[in-house]
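Taking it in order: structure first as structure tokens, then the write-up.
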Amino acid sequence: MNLEEKLKSAVVEGIEKLYNQKPDEKRINFQKTSKDFEGDITIVVFPFTGISKKTPEQTANDIGNFLKENLAEVESFNVVKGFLNLVISSSFWIDFFNTASATEHFGFATPNSGKTIMVEYASPNTNKPLHLGHIRNILLGYSVAEILKANGHKVLKVQVINDRGIHICKSMLAWQKWGNGETPQTSGLKGDKLVGKYYVEFDKHYKSEIAELVAKGITKEDAEKQAPSMVEAQNMLLKWEAKDTDVYALWEMMNSWVYAGFDVTYNSLGVDFDKLYYESQTWLRGKDEVLKGLEQGIFYRKEGQSVWVDLTKEGLDEKVLLRSDGTAVYMTQDIGTAILRYHDFPDLNGIVYTVATEQDYHFKVLFLILQKLGFEWAKNCYHLSYGMVDLPSGKMKSREGTVVDADDLMEEMITTAKEISLEKGKGEDSAEAEELYRMIGMSALKYFILKVDPKKKMLFNPQESIDINGHTGPFIQYTHARIKSLLRRADSVSISEVNTSLSMLPKEKELIKLIYQFPATLKEAGDGYSPALLANYIYELAKEYNQFYHDFPVLKEEDKDKKNFRLQLTALTGKIIKDSLRLLGIQAPEKM
RNA sequence: GGUCCCAUAGCUCAGCUGGAUAGAGCACAGGUUUUCUAAACCUGCGGCCAUUGGUUCGAAUCCAAUUGGGAUCACCA
């Protein structure tokens, strides 16, 4: 039983004894005591004045007295208006501290003690390189997965690769016509960049063809359909669906280039996957499921043989699931993929889809359809919807070329980290130093993105993101490095359990209280799929530690017990920072 | 037009299920080094929490309307 639970049941008991009436447990809430008053935990007693029939002050005093007499942890209390401020005994805090220090990964739940959850993230198209938007997706998905693991769940990281469709054919066609056999090896380009180049190439030709046709007096709409490039691309798609050997071989070759390119980016980002789903392998399954639903009368046909689902009762629209020519739409594939996943992993307790907020409607519909099809598990599917990343210049538009390329961005971050280090006179010319610049640059980028509430859209200002002071990843890394440096110097000192009678300084107690909140914060971050909660927490912790570090000696403290205590406090803080950073996908250097 | 999301300091963001005088960082002005990493720490400056009404002991937080911004509503993906 933790402190809050103990307090809660004691408050219930106390109110019952004092006023002969049971209070509503939900109305008992605790909060941190404001800095302006003495105390650790505050109970708001306004809700109980109805029961006590006394003034808030008297009620608070009654309850305070009861708690003080009946709970060893409550050392004293004071009352300000309707606020009952409790002072928790320092022996409680030290006891807690000793246990936490002795725990391997303090705050983490026992591995595999919870549910099995699949987290989907990244899921790019294969015709364009990854950009800043993908970075937010990837960092979020990865971090959520790691946080869920830390909360004891078994997690499967997956992505679905959109490797099928007309867009791929466009790149293929352009490469065939104008590529002269160029490969990543001969061009020196990353595979995804090379394929992306031909996608752009296609678009260029396509547009000029349209312009030509329009000049001849054809409407724009018709021109878009008649343009020779488009007709050819569509033919290619038909050939692909018929598994034409040549087209298939080309498709496989170019996809392999893209995957190799993506892998490089994933590697730089430090993320991984347990399983990949390819749409080319799942799209047919979706068709089957839709046809089954049609037989069961869940869906219906419209004129022209297209298949639809009616969601008007749910306040949504009608949605097409199969075109009149029988081909699949996006939704069809997603239905198939979801069902396949539960087939692959029967013990799955939920799927988290990390997909941009633009698709809120799509996922609402998807989950509804799955429920209509009778899949109970659909209610455990969650759309982790994240906001767009805007630039100071406005929105990112791939068509307008205002996209921030993922690889370029990372490189720039690392270069800047190096420049700053050199400016500060901390640079040196070694492989080790290069690795450090990489860690710092990447942490600036990752923290900048992860500290923002996923649901909210965010502004990505390149200059601020590269910042290393203040509320940033490097600041937290620095705190960790500082801690490590201190501990290195202390390695000859034996660390032993702290005596509960030791008197703590306010700053030390503040640190312990903050550490006390770590498990709850980690749990909230998991339950709410929000790395931002964790990110903001470690910033607080790092800041609190830095203040402590600045004001009080650790190694130079002469009192042996105090020195031991401070060393352990330092060690525990360092462990929590390191563990938390890892959950955010950020490395914690030993030196900076 | 329907539906959904958002609005907090000059800028970027915190503020958990309603609780005490709304917090950080950046920017700006200044200060701290014979002592464990100054990528640190401290002080100052900065707010009608978009507006209006409601709910109640109590609202940045809940409800409604208004204004401004964004997303979405394809036999696209």
Side-chain angles (χ1 to χ4, degrees), chain A residues 26 29 31 33-34 36-37 42 44-47 49-50 56 80-83 85 125 162 164-167 279 302 304-308 315-317 319-331 333-334 356-362 364-365 385 387-388 390 392 395 417 420-421 423-424 426 440 448 451-453 455-461 463-465 467-472 474-479 481-490 520-521 524 528 530 532-533 535-537 539-540 542-543 546-557 566-567 570 591-592:
Chain A
K26 272 176 279 181
N29 55 40
Q31 52 188 296
T33 301
S34 157
D36 307 321
F37 304 101
T42 294
V44 184
V45 302
F46 291 108
T49 50
V80 180
K81 289 188 275 182
F83 299 90
N85 301 323
N125 283 344
N162 183 6
R164 178 200 83 88
I166 190 77
H167 53 279
E279 283 192 358
K302 263 195 187 177
Q305 296 298 297
S306 53
V307 176
W308 294 72
L316 305 174
D317 300 313
K319 266 280 180 194
V320 68
L321 298 178
L322 286 180
R323 297 190 189 99
S324 23
D325 62 1
T327 53
V329 293
Y330 188 39
M331 188 63 75
Q333 294 175 166
D334 272 5
T357 176
E358 288 132 68
Q359 313 239 8
D360 284 357
Y361 184 74
H362 174 80
K364 216 187 258 180
V365 171
S385 161
M388 291 196 313
D390 290 336
K395 261 185 224 168
I420 295 175
S421 299
E423 257 172 48
K424 288 191 180 288
K426 294 209 177 195
I440 295 170
F448 186 81
K451 75 174 174 187
V452 182
D453 184 340
K455 291 191 290 289
K456 293 193 179 174
K457 64 178 177 192
M458 64 175 288
L459 188 86
F460 188 86
N461 186 329
Q463 279 173 340
E464 279 178 34
S465 69
D467 206 338
I468 271 181
N469 304 317
H471 190 179
T472 67
F475 167 88
I476 298 165
Q477 286 180 315
Y478 178 73
T479 310
R482 202 181 213 188
I483 284 173
K484 277 301 160 97
S485 157
L486 215 155
L487 294 174
R488 271 193 301 274
R489 288 165 177 272
T521 304
E524 270 174 53
S530 176
L533 291 177
N536 286 305
Y537 170 84
Y539 170 65
E540 287 297 321
K543 213 170 54 159
N546 276 335
Q547 288 167 4
F548 164 74
Y549 179 93
H550 182 266
D551 291 345
F552 304 101
V554 177
L555 294 176
K556 303 214 161 140
E557 171 58 46
R566 286 177 190 174
L567 262 176
T570 299
K591 289 179 192 170
M592 291 176 64

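Within every chain, numbering begins at 1; the chains are lettered A, B, ... in the order of the sequence lines, protein sequences first and strands thereafter. When reading the values below, keep in mind they use all heavy atoms of this one structure, side chains included, and skip hydrogens, waters and symmetry mates.
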Next item on the list: Would you give a per-nucleotide map of nucleotides 39-45 of chain B, 5' to 3', where B means the base has a protein non-hydrogen atom under 4.0 Å away, S means only the sugar-phosphate does, and - means neither?
Entry: BSSS---

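- Under the Watson-Crick and G-U wobble criteria, each requiring two contacts below 3.5 Å, nucleotide B:C62 is paired to B:G54.
- A 3.5 Å limit on both hydrogen-bonding distances identifies B:U3 as the Watson-Crick or G-U partner of B:A71.
- Rounded to an integer number of Å, the gap from A:Asp334 CG to B:C76 P is 16 Å.
- With both pairing distances under 3.5 Å, B:C13 is matched to B:G23 as a Watson-Crick or G-U wobble pair.
- Comparing B:U12, B:G25, B:C36 against the side chain of A:Pro553 picks out B:C36 as the nearest.
- Residues A:Thr33 and A:Phe83 have side chains not in contact (no heavy-atom distance under 4.5 Å, counting atoms from C-beta outward).
- Taking only distance into account, the side chain of A:Ser324 meets the base of B:C75 through a donor-acceptor pair shorter than 3.5 Å.
- When distances are taken from the side chain of A:His362 to each of B:A77, B:C11, B:C75, the shortest belongs to B:A77.
- For A:Leu459, the side-chain atoms get nearest to B:C13 when compared with the rest of B:C26, B:C13, B:A77.
- Counting heavy atoms from C-beta on, the side chains of A:Leu316 and A:Tyr361 come closer than 4.5 Å.
- Distance from the side chain of A:Ser34 is smallest for B:A20 among the nucleotides B:A20, B:A71, B:A14.
- Between A:Phe475 and A:Ile468, every side-chain heavy-atom pair lies at or beyond the 4.5 Å cut-off.
- Note: A:Phe460 and A:Phe448 have perpendicular aromatic rings, judged against thresholds of 30 and 60 degrees for the angle between ring planes.
- Between A:His362 and A:Tyr330, the ring planes lie parallel to each other; the angle is under 30°, not in the 30° to 60° tilted range.
- Within the structure, a side-chain polar atom (N or O) of A:Ser485 is placed less than 4.0 Å from OP1 or OP2 of B:U37.
- Looking at heavy atoms from C-beta onward, A:Arg482 lies in side-chain contact with A:Tyr549 at the 4.5 angstrom threshold.
- Residues A:Lys455 and A:Ser530 are not in side-chain contact: their nearest non-hydrogen atoms beyond the backbone lie 4.5 Å or more apart.
- Taking side-chain N and O atoms only, A:Arg488 has no distance below 4.0 Å to OP1 or OP2 of B:C36.
- Position along RNA chain B of the nearest nucleotide to A:Glu279 versus A:Met388 favours A:Met388 as the more 5'-ward residue.
- Remark: B:U33 base-pairs with no nucleotide in the shown strands. Criterion, Watson-Crick or G-U wobble with two distances under 3.5 Å.
- Distances shown here put a side-chain N or O of A:Lys456 below 4.0 Å from the OP1 or OP2 atom of B:A14.
- When each of B:C75, B:G70, B:A20 is scored by its nearest atom to the side-chain atoms of A:Gln31, the top-ranked nucleotide is B:A20.
- Picking from B:U37, B:A20, B:C13 the nucleotide with the shortest atom distance to the side chain of A:Met458 gives B:C13.
- Across the interface with RNA chain B, nearest-nucleotide mapping of A:Glu524 and A:Phe552 shows A:Glu524 to be the residue nearer the 5′ end.
- Base pairing analysis places B:C28 opposite B:G44; the two distances defining the Watson-Crick or G-U wobble pair are each below 3.5 Å.
- For the pair A:Phe46 and B:G58, the ring geometry does not qualify as stacking, because the centroid separation below 5.5 Å and plane angle under 30° are not jointly satisfied.
- The listed nucleotides are B:C73, B:G15, B:G19; the one nearest the side chain of A:Phe83 is B:G19.
- The shortest side-chain heavy-atom distance between A:Glu557 and A:Phe552 does not fall under the 4.5 Å cut-off.
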